Amino acid sequence: KEYGEISLKDIDHVAKNSFPLCMRHLFEKLREDHHLKHGGRMQLGLFLKGVGLKLDDALAFWKAEFSRKVGAERFDKEYAYGIRHNYGKEGKRTDYTPYSCQRIISSTPGVGDHHGCPYRHFSEENLRAALSKMGVGNRLVEDVMDKVRNRHYQLACTLTFEAVHGASCDAGINHPNQYYNDSKKILE
Ligand code: SF4
């Protein structure tokens with residue numbers, strides 16, 4: 001079963017319970033800073049499209065945050081295009097697909113960027129803090145850190161999934177939207 005739609009009123013709840021750490025981090029930063037740089041807008045924007053956020057809702061969602069930082073007018077001028085573009089409504093009208101783990105893991109976030117894979121790109125200290133905030137217990141955090149040290153980032157994410165859902169994920173995590181779909185299957 002695919003989970004075809006997500007509405008704006010549920011989005012914070014769903015982000016907390018069913019987004020993988022990479023997307024949860026972007027989502028929280030957007031809510032906090034009312035802004036994300038290009039790499040973050042792409043990674044989170046396409047993921048949200050993949051979980052079924054409709055274009056109109058996506059525009060409303062991003063506008064509500066960015067308006068608080070740059071104003072509604074600048075949002076309409078500079079940022080709305082990129083969102084419509086992700087949905088295939090501008091430019092070459094390509095219907096862009098959400099990024100896979102592999103693509104995210106191999107990205108190279110710079111200073112001030114919040115995209116990327118936290119298992120790969122966070123400092124050990126920040127990763128530990130993020131995991132405990134997600135409710136991963138101390139012993140399991142050590143298991144996750146062990147995978148990270150061996151550069152098995154997707155296995156680290158799989159262990160996190162299993163810890164927060166109290167259920168196994170035999171297939172492993174290879175796509176943020178798969179993490180989301182598997183989570184919804186368990187939680188609904
Ligand atoms: Fe996101 Fe994939 Fe990294 Fe998990 S392993 S945090 S889903 S990029």
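Just so you know, ligand 1 is whichever comes first in the structure, and atom 1 is the first atom listed for that ligand. What you are looking at is a predicted structure, and each value in this text was computed from that prediction instead of being measured. Residue numbers run from 1 in the order of the sequence given.
If you check which protein heavy atom lies closest to atom 2 (Fe) of ligand 1, you get Cys101 SG, 2.3 Å. Atom 8 (S) of ligand 1 has as its closest protein heavy atom Ile104 CG2, 3.7 Å.
For the pair Ser67 (side chain) and Ala64 (backbone), a donor-acceptor distance under 3.5 Å is absent.
When Tyr179, Tyr119, Phe122 are ranked by how near their heavy atoms come to atom 6 (S) of ligand 1, first place goes to Tyr119. Taking all heavy atoms of Gly172, Cys117, Cys157 into account, the minimum distance to atom 4 (Fe) of ligand 1 is reached by Cys157.
Within a 6.0 Å sphere centred on CD of Glu125, heavy atoms belonging to other residues, nucleotides or ligands number 12 at most.
Close contacts of ligand 1 with Pro20, meaning ligand atoms under 4.0 Å from a residue heavy atom, involve 7 (S).
Residue contacts with ligand 1 for Cys22 involve both N, CA, C or O and side-chain atoms from C-beta outward (heavy atoms, distance under 4.0 Å).
With rounding to the nearest 0.5 Å, the separation of CG in Leu59 from OH in Tyr79 is 15.0 Å.
Using modelled atom types and a 3.5 Å distance limit, the side chains of Asp182 and Gln178 yield a donor-acceptor pair.
The pair Glu32-Lys29 meets the salt-bridge criterion, with a side-chain N (NZ, NE, NH1 or NH2) lying under 4.0 Å from an Asp/Glu carboxylate O.
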